[in-house]
Trainee: 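Before I ask anything, let me first share the structure, which is written out below as structure tokens.
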Number of protein chains: 2
Amino acid sequence: MGHVHTIVDKLTEKGYRLTPQRIMVLEAIEHSHDHISAEEIHADVVKKYPHVNISTIYRTLTLLEQLGMVTQTDMGGGCIRFHPAERGHHHHLICQSCGSTIDLEESALLPLQQSLRESYNFEADLSHLAIFGRCRNCRSK
Amino acid sequence: MGHVHTIVDKLTEKGYRLTPQRIMVLEAIEHSHDHISAEEIHADVVKKYPHVNISTIYRTLTLLEQLGMVTQTDMGGGCIRFHPAERGHHHHLICQSCGSTIDLEESALLPLQQSLRESYNFEADLSHLAIFGRCRNCRSK
DNA sequence: TTTCGTGCAAACCCTTTGCATTTGC
DNA sequence: GCAAATGCAAAGGGTTTGCACGAAA
């Protein structure tokens, strides 16, 4: 139940109510190894709580994001995925051939961030970056 | 009329028909200094040719992309923009505060591309990359 | 008991599709 | 004249919203 305490605190200290829906959305996100879409969260929650509506999922996601518990990544092509904020910044290499995603260490992007700062005086927010291309397997085919 | 010859050739040599709609969509894209959305293209074309339907714009964009005359960039948040392909690969820094976009030289991304290849054996397609952050002006406020 | 949160249905935006009509060739 | 392209209207996917009911505090 790892972070149930955290969500209880975060919600109550700001006057939000603790509802089963909110807890289950957060759990669905935390239990997902990969990243998870709104519809997948909904499918997951519905297994235990059949009446939950997808609009509640969206409203809850907005709230959890405001509370800093969840972050979203725009994977391109209108594809949005969620993951727990405390998993920290991580980035993705997405294979356009097979669709697989590879997690990328923060350090791989630091040189780019640095050079954008120096050359353009631009502070890049690379926290949700997704980079498209072809992965090892697909390249060798 | 710069590239009208090009489009005439490209269309006819593959058996596609030359229609006023197709020419006007291409012109709208070429005359746009910045990048332009499907709806903006439509608005532009309608000025001269009031009956043109937005579905024709989308169909034409798909065709022009196949012909390699136009490329699209996913700016995130469901925001897709088009620009002439011969303007070449270029990338964008997008300011999340003021919305301005800065063109980025290809060379700025080569080191990243190189390191992804070496460390992950991943061939990154950075041709339509958009990077979010804060621009010079907004940083100094 | 009093808000706040929810379910439901409908609206929304952007994009795509089916079909009859029009057009380029 | 015939196939290809268009306009129109309708459907689609994913997300948001208005409202009355239900539940948390």
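A, B, ... follow the sequence lines: proteins, then strands. Residue 1 opens every chain.
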Trainee: Mark yes or no for whether B/Thr12, through its side chain, and B/Val8, through its backbone, hold a donor-acceptor pair below 3.5 Å.
Mentor: yes
Trainee: Report yes or no: does B/Ser32 contribute a side-chain atom to a donor-acceptor pair with the main-chain N or O of B/Ile29 at less than 3.5 Å?
Mentor: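 Judged by distance alone, yes, a pair lies under 3.5 Å.
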Trainee: Any side-chain to backbone donor/acceptor pair from B/Lys10 onto B/Met69? Under 3.5 Å, distance only.
Mentor: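 Checked: no pair found.
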Trainee: Can you tell me if A/Thr19 touches the phosphate of C/dT6, counting only side-chain N or O atoms and a distance under 4.0 Å to OP1 or OP2?
Mentor: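 Yes, such a contact exists.
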Trainee: Over how many whole Å does the gap from B/Met24 atom CE to D/dA5 atom C1' extend?
Mentor: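 It works out to 16 Å between those atoms.
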Trainee: Using modelled atom types and a 3.5 Å cut-off, is there a donor and acceptor pairing between side-chain atoms of A/Glu40 and backbone atoms of A/Ser37?
Mentor: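 Checked: pair present.
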Trainee: Examine the side chains of A/Arg136 and A/Ser140 and answer whether a donor and an acceptor come within less than 3.5 Å of each other.
Mentor: no
Trainee: Salt bridge (charged side-chain N to carboxylate O under 4.0 Å, His left out) for A/Glu123 and B/Arg139? Distances and angles first, verdict last.
Mentor: CA-CA 8 Å; A/Glu123 185 61 40; B/Arg139 288 185 75 190; 3.3 Å; yes
Trainee: For the pair made of CG in A/Leu63 and C1' in D/dT17, what is the distance, rounded to whole Å?
Mentor: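 It is 17 Å, rounded to the nearest whole Å.
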Trainee: Tabulate protein N/O versus nucleotide N/O from nucleotides 7-14 of chain C, keeping only pairs under 3.5 Å, one per line.
Mentor:
residue	atom	partner	partner atom	Å
C/dG7	OP1	A/Gln21	NE2	3.2
C/dG7	OP2	A/Asn53	N	3.2
C/dG7	OP2	A/Thr56	OG1	2.5
C/dG7	N7	A/Arg59	NH2	3.0
C/dG7	O6	A/Arg59	NH1	3.4
C/dG7	O6	A/Arg59	NH2	3.2

Trainee: Over how many whole Å does the gap from B/Gln66 atom CD to D/dA5 atom P extend?
Mentor: 11 Å
Trainee: Whether the side chain of B/Arg17 and the base of C/dC25 hold a donor-acceptor pair under 3.5 Å is what I'd like checked.
Mentor: no
Trainee: Output the single nucleotide from C/dT6, D/dT6, D/dA24 whose closest atom is nearest the side chain of B/Arg22.
Mentor: D/dT6
Trainee: Atom NZ of A/Lys14 to atom C1' of C/dG5: distance rounded to whole Å?
Mentor: 18 Å
Trainee: When the distance from OH of A/Tyr16 to C1' of C/dT6 is rounded to whole Å, what number comes out?
Mentor: 16 Å
